[in-house]
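Contents: one structure, followed by commentary.
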Amino acid sequence: MNSLQWHKVAASSSELFSDHNSIKEILVAKKRICVIKHNDDLYAIAAVCPHAGGSLAEGYTDALGNVVCPLHHYRFQLSSGRNISGEGYHLKTYMIESRADGIYIGL
């Protein structure tokens, strides 16, 4: 059984996000990952849409908490990666934790 390796990505969420940006693309262990803040919760997802390779950092999060790809407006649940606009794709999600000493992503 593989255990997660946790990577510290920031000292705090304010280090990752400005007041106007809720999606931040980062590189963690050579993987492009988007960290998303929605309703004060943090999510970590693959940075590239599985449909056509669109940069999800250039997309947005809708009011229901789905990330929306900027290319074809496919929508994915932040918590599960499930494609909810009906096309059948799945987006990779990662464990993310806010700890006393910073923000960590598990790979």
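All figures in this text were calculated on a predicted structure; none of them were measured in a lab. FYI, the numbering just counts along the sequence from 1.
- A donor-acceptor pair is defined here as one N or O able to donate and one able to accept, closer than 3.5 Å; no such pair exists between the side chain of K37 and the backbone of S14.
- In this structure, CG in L91 is found 13.5 Å from OH in Y74, a value given to the nearest 0.5 Å.
- A cation-pi contact, defined as under 6.0 Å to the ring centre and within 45° of the axis, is absent between R82 and F76.
- In this pair, Y89 and H51 present their aromatic rings perpendicular. The plane angle is above 60°, beyond the 30 to 60° band.
- Dense packing is recorded around CD of E97, with more than 12 heavy atoms of other residues, nucleotides or ligands lying under 6.0 Å away.
- Between E15 and S12, the side chains place no donor N or O within less than 3.5 Å of an acceptor N or O (distance only, hydrogens not considered).
- Taking each heavy atom of L56 and A46 in turn, the nearest pair found is CD1-O, 3.4 Å.
- Considering CD of Q77 and CG of L64, their distance stands at 10.0 Å, rounded to 0.5 Å.
- Under 3.5 Å, the side chains of S85 and E87 contain a donor-acceptor pair of N or O atoms.
- Taking CD1 from I103 and CG from L16, the interatomic distance works out to 6.5 Å, rounded to the nearest 0.5 Å.
- Shown here for F17 and L42, the closest heavy-atom pair between the two residues is CE1-CD2, 3.6 Å.
- Note that CG of L78 is 8.0 Å distant from CG of D62, once rounded to the nearest 0.5 Å.
- The structure places OG1 of T93 at 11.0 Å from CD1 of I36, a figure rounded to the nearest 0.5 Å.
- Atoms OG1 and CZ, on T61 and R75 in that order, are 10.5 Å from each other to the nearest 0.5 Å.
- In this structure a side-chain-to-backbone donor-acceptor pair under 3.5 Å is present from N83 to G88.
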